[in-house]
Student: 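Sending over a structure as structure tokens; questions will come in a sec.
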2 protein chains.
Amino acid sequence: MTVWDRPEPPNRPVPLDRERIVAAAVALADEGGLTAVSLRKVAARLDAGPMRLYGYISTKDELFDLMVDAVYAEILPGEQPADWREALRVLAHRTRRSALRHEWLADLLGGRPALGPNGLAVSESTLAALDGLADIDTVMRAVETVSAYFTGAIRREVTDLRAERATGLSKSEWQRARGPHVTRMLATGRFPALAKAVYDGTHVDAEESFATGLEWVLDAVAARLA
Amino acid sequence: MTVWDRPEPPNRPVPLDRERIVAAAVALADEGGLTAVSLRKVAARLDAGPMRLYGYISTKDELFDLMVDAVYAEILPGEQPADWREALRVLAHRTRRSALRHEWLADLLGGRPALGPNGLAVSESTLAALDGLADIDTVMRAVETVSAYFTGAIRREVTDLRAERATGLSKSEWQRARGPHVTRMLATGRFPALAKAVYDGTHVDAEESFATGLEWVLDAVAARLA
DNA sequence: TACGGTGGAAATACAGTGTATCGACATGAG
DNA sequence: CTCATGTCGATACACTGTATTTCCACCGTA
């Protein structure tokens, strides 16, 4: 093995920082879902060994936390609407759009406390929008209720999206029967109310359905703030 | 190696069925969370080889689906209350209690469509409780909105529970500052509304908070059904 | 009774995972 | 020029889900 056979050693290890790591992880997750994110693959994208990452994070879950916080940066609205209702509405819709852009977010949302800088900033601006409209406890209850709603709704929407995609069924077919198994079950007659809902229900646009439910919840909140 | 050294072969492989498999998996998950559920460990509990399970399920996710459906059997109320509002309330609370009994449920809830027999039965009885109170689309929107709420709320509650447990902080300490990091962040003064909420908010019981938010959402639904 | 065939269980194998440990090496200090 | 230091990557380990192969008890037939 002469010099000529041996490649030059790499100049220096590529400089790394959390931002680059998280960006690589997010890209991986956007392409192949959360399961496509492995420390080895993230590191490989950055031309580094896997162990290198442990200087910046100490566990894979922490990487997920950073990824979520990175998305919260997208969610944080540029300037806060003055109206509390509009503020909550915008938050919900922005979160939903981010989750549709990064479907893996649905798997993580609410799964760990969001204590990163952007997560805190989102909480702060949300609470600020409601500040003074009622006692603190009512305000918190309001924010938590609305968050619970849109967290749950987003999760379900993304889940349905994936299931639909997995069957390869057309949108309307899916909506009609959610695949052959459910069709069979409904045919047994043991689920009349469900069957009625599935067959007689008109197809509603996911965004519209999300928005409608949201307005209902906002109405409820409004009633309590007044 | 004479006969005397060789142990008798086991009588016959233990008979297996999905019920026993799922029970073992649930037990494992109850003890150590979802990550403690591996096909090898489940099989070991049943004195079987890991591959044996693939006769009953074809993927680990399917095992999770079965586990969730097993819990839906707990959730399904014995007899349905006549009042639609009570029906939804009971569903929400029973789901919550099941999730507190099996915390791993919070990780799975809403993560995959619940198409198992018990899941369908829960949907059926829920829809039946609202049947005729409004047009189908409104009814579905109502159910989905309430489900989205309690799904999200349960997920957050369990997440908080775990975080609290992980820090080893006392309940009140946790409530006050959610650990040293948040305390530090709040001290920077960059999150005044959040700080106010954390420090001035009175401690509210998780169940009460869940129930209150739920009633708000039910109010909203009631307004639309009328 | 002997013999294949067959079906299902188990062993083995494989490609991957997160993470601990350790050796080597480039860099900065004396 | 030498030595300590700290960081990076290779190696290692225990484990994962799952595909493939091997094996063996059973059964119907000759």
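Everything numeric here is computed off the predicted structure, so don't read it as measured data. Just the heavy atoms: all of them, side chains too, but no hydrogens, waters or symmetry mates, feed the values below. Labels below follow one simple rule: chain letters A, B, ... track the order of the sequence lines, proteins then strands, and each chain is numbered from 1.
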Student: Does the A:Glu124 side chain pair with the main chain of B:Leu194, one donor and one acceptor, at a distance under 3.5 Å?
Tutor: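 Yes, the answer is positive, given that a donor and an acceptor are paired below the 3.5 Å cut-off.
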
Student: Nearest of D:dT18, C:dT19, C:dT17 to any side-chain atom of B:Pro50?
Tutor: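 Of D:dT18, C:dT19, C:dT17, D:dT18 is nearest to the side chain of B:Pro50.
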
Student: Could you give the side-chain donor-acceptor pairs of residues 206-214 of chain B under 3.5 Å, partners two or more places apart or in another chain?
Tutor:
| unit_1 | atom_1 | unit_2 | atom_2 | d |
| --- | --- | --- | --- | --- |
| B:Thr212 | OG1 | A:Arg141 | NH1 | 3.0 |
| B:Thr212 | OG1 | B:Glu208 | O | 2.7 |

Student: Over how many whole Å does the gap from A:Leu16 atom CG to D:dG6 atom P extend?
Tutor: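 After rounding, the gap between these two atoms is 20 Å.
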
Student: Would one find a side-chain N or O of A:Thr59 under 4.0 angstrom from OP1 or OP2 of C:dG18?
Tutor: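 No, outside the criterion.
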
Student: Counting any heavy atom closer than 4.0 Å, what does A:Val42 reach on the DNA or RNA strands: base, sugar-phosphate only, or nothing?
Tutor: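 If one applies the 4.0 Å heavy-atom cut-off, A:Val42 turns out to touch nothing in the nucleic acid.
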
Student: Salt bridge or not between A:Glu103 and A:Arg165? Use side-chain N to carboxylate O under 4.0 Å.
Tutor: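 Here A:Glu103 pairs with A:Arg165 in a salt bridge, since their nearest N and O are under 4.0 Å apart.
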
Student: Starting at NZ of A:Lys41 and ending at P of C:dT19, how long is that distance when rounded to a whole Å?
Tutor: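 Result: 15 Å.
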
Student: Donor-acceptor pair, distance only, cut-off 3.5 Å: does the side chain of A:Ser58 make one with the backbone of A:Tyr54?
Tutor: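 Absent.
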
Student: Indicate, yes or no, whether a donor-acceptor pair under 3.5 Å links the base of D:dG17 to the side chain of B:Arg40.
Tutor: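 Indeed there is one.
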
Student: What is the distance, to the nearest angstrom, from the CG atom on A:Leu46 to the C1' atom on D:dG9?
Tutor: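 About 15 Å, once rounded to whole Å.
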
Student: How many Å lie between CG on B:Leu53 and C1' on D:dT16, as a whole number?
Tutor: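 Rounding to the nearest Å, CG of B:Leu53 and C1' of D:dT16 are 14 Å apart.
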
Student: Nearest 0.5 Å please: distance from the CD1 atom of B:Ile57 over to the CG atom of B:Asp65.
Tutor: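 Reported to 0.5 Å precision, the distance equals 10.0 Å.
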
Student: With a cut-off of less than 4.0 Å, is there a side-chain N or O of B:Tyr54 near OP1 or OP2 of D:dT18?
Tutor: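 So the side chain of B:Tyr54 is within the cut-off, an N or O lying under 4.0 Å from OP1 or OP2 of D:dT18.
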
Student: Round to a whole Å and report the spacing from CD of A:Glu62 to P of C:dG18.
Tutor: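 Going from A:Glu62 (CD) to C:dG18 (P), I get 14 Å.
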
Student: Please give, in whole Å, the distance from C:dC25 C1' to A:Met51 CE?
Tutor: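 A:Met51 atom CE is separated from C:dC25 atom C1' by 19 Å.
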
Student: Taking the minimum atom-to-atom distance to the side chain of A:Lys60, which one of D:dG17, C:dA10, C:dT19 wins?
Tutor: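 Closest nucleotide among those given: C:dT19.
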
Student: Measure from CZ on A:Arg52 to P on C:dG18 and round the result to the nearest Å.
Tutor: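 Rounding to the nearest Å, CZ of A:Arg52 and P of C:dG18 are 18 Å apart.
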
Student: Could you state the atom-to-atom distance from CG of A:Leu28 to P of C:dG16 in whole Å?
Tutor: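 One finds 14 Å between P of C:dG16 and CG of A:Leu28, rounded.
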
